[in-house]
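Naming convention: chains lettered A, B, ... in sequence-line order (proteins, then strands); numbering from 1 in each chain. Quantities reported herein were computed from a predicted structural model and do not represent experimental measurements.
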Amino acid sequence: MGTDWAKVYEETYDELVRFLYRYVWAEDRAHDLAQETFVRALRHEPDQPRAWLFSVARNLARDEARASQRRRRHLELVRVEQDGQAAVEAEAEIEAKQRLAAVRGALETLGERDREVLLLWDAGLSYDEIAEQTGLARGAVGTTLSRARKRLVEAFERGEG
Amino acid sequence: MTHLSDGELHGWLDGGVSGSEAESIRHHLETCPDCAARLEEARRLRDEAAAILASAGPEGETPSFETMQRRARAPSSGTRSRWGSVQRLGWAASLVLALGAGWMARALLVERGWTDPFHQGAPAEVALRAQVEPVPESTAATAELRQKADRDAEQGAANGATREDRAEIVGGERREIEAERVTPPPEAEKYAAPPAGAMAARDRAAEQVIPGWHDLPPARTASVAEEAPGCYRLEYSWPPGVGYLPGDLELTEDPAPLRPGSAVFAVIARSGAVARLHEGIWGALSGDSLWVQLTTEPERETLTLRLGRADTGWTGEGRVRDSTGRQGEDRGPVRLVRISCDIP
């Protein structure tokens with residue numbers, strides 16, 4: 001294979017982490033899954049590395065998101081019990097957490113397809129790559145993105161307000 | 001004058017339109033103040049959305065490429081445990097199918113040919129004659145085959161390999177497994193390679209979109225006649241796969257993945273309720289039939305199953321529509337087997 005994997009890694013790893021993070025919302029898990037994706041890629045050496053990486057990452061992310069959703073329910077229960085502890089957290093930290101929750105909440109109001117297209121774009125994929133990845137016609141990517149952006153901004157503002 | 005669509009404006013801003021289209025949009029923007037104003041609004045929206053996402057970005061260091069290479073050379077990686085359990089399930093089913101599908105296909109081929117079963121009679125009448133028994137999966141050969149199929153599935157999915165390519169791989173492995181474990185019945189070959197006439201009929205069918213085949217019946221939003229709680233395993237044959245069909249919302253978060261050949265789906269079959277749980281997965285009871293529609297990832301093939309009751313459980317056949325929306329081939333026999341809800 002003629003793929004320069006070191007270069008692909010350098011160019012794509014951070015994008016993958018960013019993409020994965022917004023599904024799993026845990027930094028360490030996003031890194032874990034990005035690494036897992038690359039480990040698989042290095043073993044399999046696919047012909048179209050970038051498409052392959054995002055394809056596998058998306059599947060891993062969805063699995064993880066479902067699992068973390070289940071875990072979150074437990075965590076929320078635990079959090080209620082430990083509510084008092086929040087008071088001692090630094091104010092900045094609380095603000096950061098609130099903002100993260102607002103972004104997450106806004107993203108979760110999007111349909112799955114809209115969210116995926118938005119996150120793929122945000123991860124740095126081109127319209128052609130997004131079209132290939134999602135099965136959308138190239139001309140539909142802009143339409144999907146415009147809708148997704150509008151909903152994200154509106155939902156975020158509602159959440160903040 | 002026709003104004004530009006939002007999609008065109010965002011595409012233009014993002015550099016996602018082709019040269020000639022970009023030129024035409026640019027020209028329109030120069031002469032249309034309305035669209036020029038909308039462009040600014042689109043730009044604001046785009047920048048704001050990017051800023052929102054950027055404010056929730058991950059940090060952390062990028063491990064070195066050499067670290068990654070070392071991990072890739074290691075026998076297995078640490079994050080695979082859950083995948084592993086799912087793959088074991090998938091492979092348990094595919095091994096079952098390896099042994100059983102040939103016989104099931106034989107029954108269908110012999111009795112009904114490769115014609116459309118839904119237009120011929122009730123799927124419930126399909127006679128399942130296979131003596132399907134779980135196969136122990138702990139042998140080294142099985143583990144090796146499982147890993148190979150995992151590689152093939154991923155490579156096939158992302159490299160744009162055709163379904164036929166994968167079918168050969170799967171077919172080849174199916175024969176390989178059978179050769180190791182049992183003496184394959186000669187009819188099993190027919191399953192891997194249907195008769196020439198049947199293939200031609202399927203090719204013709206692939207060019208036609210038959211209304212109704214890929215859409216759930218109108219009754220999907222109502223008329224759910226019964227409750228069907230519990231957990232089921234879906235066994236279908238091409239590519240080998242397994243899925244769980246829970247009748248309880250609580251189980252819809254089962255972490256098993258949607259991936260080629262191994263689809264996990266959920267159907268709410270409570271009285272009066274049919275829910276779309278997530279993209280590509282539908283289920284509905286309609287009259288005597290249970291309809292299930294799911295999308296494999298990342299191929300985005302839509303698989304529609306119409307299942308009828310049989311002594312052995314729900315059984316029937318499925319058809320696939322590929323990502324171009326064309327009618328695809330029969331997926332072969334499928335059936336649902338009630339299992340314990342203790343999903344690993």
For salt bridge (charged side-chain N to carboxylate O under 4.0 Å, His left out), just list the numbers for A/Glu15 and A/Arg50, CA-CA rounded to whole Å, side-chain angles, deciding distance to a tenth of an Å, and then say yes or no.
CA-CA 10 Å; A/Glu15 292 177 356; A/Arg50 205 172 149 88; 3.1 Å; yes
Which portion of A/Ile130 sits near chain B, non-hydrogen atoms under 4.5 angstrom:
neither
Under 4.0 Å between a Lys/Arg side-chain N and an Asp/Glu carboxylate O for B/Asp6 and B/Arg38?
yes
Count the heavy-atom pairs under 4.5 Å between each of A/Ser146, A/Gly142, A/Ala140 and chain B, then report the option with the highest count.
A/Ser146
Below 4.5 Å, heavy atoms only, C-beta onward: do A/Thr109 and A/Leu152 meet side chain to side chain?
no
May I ask you to name which of A/Thr144, A/Leu42, A/Val17 has the most heavy-atom pairs under 4.5 Å with chain B?
A/Leu42
Turns out that what part of A/Arg147 lies under 4.5 Å from chain B's heavy atoms comes down to neither
Under a 4.0 Å N-O cut-off, is there an ion pair linking B/Glu23 with B/Arg26?
yes
Looking only at heavy atoms, which two atoms of A/Ala61 and A/Val24 are closest? And how far apart?
O-CG1, 4.2 Å
In residues 42-54 of chain B, which residues are in contact with chain A at a heavy-atom separation under 4.5 Å?
B/Leu45, B/Arg46, B/Glu48, B/Ala49, B/Ala51, B/Ile52, B/Leu53, B/Ala54
Using a strict cut-off of less than 4.0 Å between a Lys/Arg side-chain nitrogen and an Asp/Glu carboxylate oxygen, indicate whether B/Asp14 and A/Arg149 qualify as a salt bridge.
yes
Applying ring pair (Phe, Tyr, Trp, His ring centres under 6.0 Å), can you list everything that pairs with A/Tyr9, at least two apart in sequence or on another chain?
A/Tyr13, A/Phe38, B/Phe65
